[in-house]
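Reminder, nothing fancy here: chain letters follow the sequence lines and each chain counts from 1.
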2 protein chains.
Amino acid sequence: MHLSSVLYALSDPVRLSIVSELNKLGERTCGGIDVSVVKSTKSHHVRTMREAGVVHVRVQGTQRLLSLRKHDLEERFPGLLHAILQAYEGTEGQKVSE
Amino acid sequence: MHLSSVLYALSDPVRLSIVSELNKLGERTCGGIDVSVVKSTKSHHVRTMREAGVVHVRVQGTQRLLSLRKHDLEERFPGLLHAILQAYEGTEGQKVSE
DNA sequence: AGATAAGTTCGATTGTTATCGAACATTAGA
DNA sequence: TCTAATGTTCGATAACAATCGAACTTATCT
């Protein structure tokens with residue numbers, strides 16, 4: 001789990017919006033997350049975040065349940081996720097619409 | 001000054017190391033910063049950070065003095081820079097050596 | 001004026017990424 | 001066993017980024 005990979009994973013507006021949604025609503029299926037890209041693209045973003053260690057994916061039937069790895073992130077990079085979410089929700093919390 | 005641009009600017013190991021050096025040693029000339037890339041590449045990284053709002057560049061004669069925009073960053077994204085520097089210095093503070 | 005020093009800009013290369021649609025895999029339900 | 005739902009993977013494309021060396025600019029020094 002590298003700092004630069006985590007920052008990179010969080011530096012994309014689509015991914016930031018996914019992370020924010022996971023933070024606010026908790027575990028969610030891939031399809032339950034509303035972003036303005038087709039599913040293959042969404043899948044790509046999820047993979048990026050999973051590989052960076054930002055989200056955890058749990059398989060259940062045909063769906064994948066995503067969750068934010070808050071605890072792991074906090075342990076490794078204290079305060080980082082909180083600061084980013086705070087910044088996102090405070091200043092750019094508008095939807096990534098189209 | 002956008003969150004994703006700032007995160008992107010800080011997601012590169014070379015740039016992270018520059019930021020960390022500026023944080024520890026204060027204002028520095030471009031040439032005074034020790035990273036393992038040629039000066040044109042360094043110039044590129046500095047531009048990226050300047051455009052993202054992470055550093056300020058002050059011209060003095062033939063040199064450019066770089067400084068971290070701590071105050072502005074703190075105002076806009078409270079706690080963010082601190083968390084990142086903490087994470088960097090704590091866990092990946094080794095030099096970007098070649 | 002000429003030389004040196006400090007950066008920037010340019011051109012090229014190489015690699016990476018975001019995006020889409022189409023095809024595929026897997027599981028659940030009728 | 002079909003069919004539908006949920007994702008993943010693949011191929012293609014277009015844009016972007018990191019890197020280098022060479023040429024350029026600007027300012028200082030002799």
Handout entry: Side chain of A:K39 - closest among D:dT19, D:dG7, C:dG7
Key = D:dG7
Handout entry: Candidates C:dG7, D:dT19, D:dG7 - which lies nearest the side chain of A:Q63
Key = D:dG7
Handout entry: Phosphate-side-chain proximity, A:S43 and D:dT8, N/O vs OP1/OP2 below 4.0 Å
Key = yes
Handout entry: Lys/Arg-Asp/Glu bridge criterion (N-O < 4.0 Å) met for B:E74, B:K70
Key = no
Problem - Sub-4.5 Å side-chain heavy-atom contact between B:Y8 and B:R15 - result: yes
Handout entry: Proximity to the side chain of A:T41 - top-ranked nucleotide from D:dT19, C:dT19, C:dT8
Key = C:dT19
Problem - B:S5 side-chain N/O to B:M1 backbone N/O, donor-acceptor pair under 3.5 Å - result: no
Practice task
Nearest whole angstrom, please: distance from the P of D:dT6 to the CG of A:L66.
Solution key: 14 Å
Handout entry: Whole-Å gap separating C1' (D:dA27) and CG (B:L65)
Key = 14 Å
Practice task
Please tell me which of the listed nucleotides, D:dA5, D:dA27, D:dA18, lies nearest to the side chain of A:T62?
Solution key: D:dA5
Exercise for the section: Examine C:dT16: is either OP1 or OP2 under 4.0 Å from a nitrogen or oxygen in the side chain of B:Y8? Give yes or no. Expected result: no
Handout entry: Atom-pair distance (CD1 on A:I18; P on D:dG7), nearest Å
Key = 12 Å
Problem - Nucleotide C:dA6, atom P - distance to CZ of B:R58 in whole Å - result: 17 Å
Practice task
Let me know the distance between NZ of A:K42 and C1' of C:dA18, rounded to the nearest Å.
Solution key: 16 Å
Handout entry: N or O in side chain of B:S40 less than 4.0 angstrom from D:dG21 OP1/OP2
Key = no
Exercise for the section: Would you indicate, yes or no, if C:dC10 has its OP1 or OP2 atom less than 4.0 angstrom from a side-chain nitrogen or oxygen of B:H44? Expected result: no
Practice task
May I have the distance from A:H45 (atom NE2) to D:dT8 (atom P), rounded to whole angstrom?
Solution key: 13 Å
Exercise for the section: Examine C:dG7: is either OP1 or OP2 under 4.0 Å from a nitrogen or oxygen in the side chain of B:R47? Give yes or no. Expected result: no
Completion exercise
Atom CD of A:E51 and atom P of C:dT17 are separated, to the nearest Å, by 10 Å
Practice task
May I have the distance from A:D12 (atom CG) to C:dA18 (atom P), rounded to whole angstrom?
Solution key: 5 Å
Exercise for the section: Mark yes or no for whether A:K42, through its side chain, and A:V35, through its backbone, hold a donor-acceptor pair below 3.5 Å. Expected result: no
Handout entry: Given C:dT19, C:dT8, D:dG7, the nucleotide with the shortest approach to the side chain of B:C30
Key = C:dT8
Fill in the blank from the handout: With A:R28 as partner, the option from A:L66, A:L22, A:D34 fulfilling side chain to side chain contact (heavy atoms under 4.5 Å, CB included) is A:L22
Exercise for the section: Looking only at side-chain atoms of B:V38, point me to the closest of D:dC20, C:dA18, C:dT8. Expected result: D:dC20
Practice task
Give B:T48 one of three labels, base, sugar-phosphate or nothing, depending on what nucleic acid heavy atoms sit under 4.0 Å from its own.
Solution key: nothing
